[in-house]
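Each remark here refers to the structure printed beneath this line.
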Amino acid sequence: MLSSRKIMVHLSPEQDRILQGLAELRGMPDYTALLRVIDAGFQCGGEGTEVVRQVREIAAEIGALAERLAGLERVCDRILFTACAAYAYARDGALGAARGDEVIAREARAAFQRQRGLAAKSDT
């Protein structure tokens, strides 16, 4: 057997305007619209925990992706630096300059910084 209980609800003027607009839009009395709003609120309350769980899962996945992306960025930096160093040593060898490792390493670092700067400009 279903039973009901009377509860007095105080609405702010803004809430009352919204409720009246909803009732007019649906062509129903204010009380029926209020009962539907309350029912919808109860239904959302039960699903709210599932939404929170899904949001947490999505946030965890985004965090994992961000971590993997940072790892990929580090690998790309190492690849770029290796390519710059290889170019600097190959250039030195082709020119027959026979400069020391410190000079070639400085050139490789400078080339790396130039390429990183060019990549940063193309990102914007």
Is there a path of hydrophobic side-chain contacts, each under 4.5 Å between heavy atoms of I, L, V, M, F, W or Y residues, that connects [X] with [Y]?
{"X": "L22", "Y": "Y31", "answer": "no"}
{"X": "V103", "Y": "Y89", "answer": "no"}
{"X": "V37", "Y": "V9", "answer": "yes"}
{"X": "L72", "Y": "L65", "answer": "no"}

Give the intermediate values and the outcome of side-chain contact (heavy atoms from CB on, under 4.5 Å) for residues F81 and R109.
CA-CA 7 Å; F81 182 78; R109 281 192 293 277; 3.7 Å; yes
Side-chain contact, heavy-atom cut-off 4.5 Å: [X] with [Y]?
{"X": "I58", "Y": "I62", "value": "yes"}
{"X": "M8", "Y": "H10", "value": "yes"}
{"X": "L118", "Y": "R116", "value": "no"}

Heavy-atom pair of closest approach, residues [X] and [Y]:
{"X": "D92", "Y": "A98", "result": "OD2-N, 3.5 Å"}
{"X": "F112", "Y": "D77", "result": "CE1-O, 3.4 Å"}
{"X": "A88", "Y": "I104", "result": "CB-CG2, 3.7 Å"}
{"X": "A111", "Y": "C84", "result": "C-SG, 3.8 Å"}

To the nearest 0.5 Å, what is the distance between [atom1] on [X] and [atom2] on [Y]?
{"X": "L11", "Y": "Q20", "atom1": "CG", "atom2": "CD", "answer": "9.5 Å"}
{"X": "M28", "Y": "L34", "atom1": "CE", "atom2": "CG", "answer": "11.5 Å"}
{"X": "R5", "Y": "I7", "atom1": "CZ", "atom2": "CD1", "answer": "4.5 Å"}
{"X": "L80", "Y": "R114", "atom1": "CG", "atom2": "CZ", "answer": "11.0 Å"}
{"X": "D30", "Y": "D16", "atom1": "CG", "atom2": "CG", "answer": "7.0 Å"}

[X] atom [atom1], over 12 foreign heavy atoms within 6.0 Å:
{"X": "R99", "atom1": "CZ", "value": "yes"}
{"X": "E102", "atom1": "CD", "value": "no"}
{"X": "E14", "atom1": "CD", "value": "no"}

With no hydrogens and no angle check, is any side-chain donor or acceptor of T82 less than 3.5 Å from a backbone partner on R78?
yes
Exam field: side chain Q113 to backbone A110, donor-acceptor pair closer than 3.5 Å
no
Would you check, one step at a time, whether the test side-chain contact (heavy atoms from CB on, under 4.5 Å) holds for E73 with V75?
CA-CA 5 Å; E73 188 175 7; V75 168; over 6 Å; no
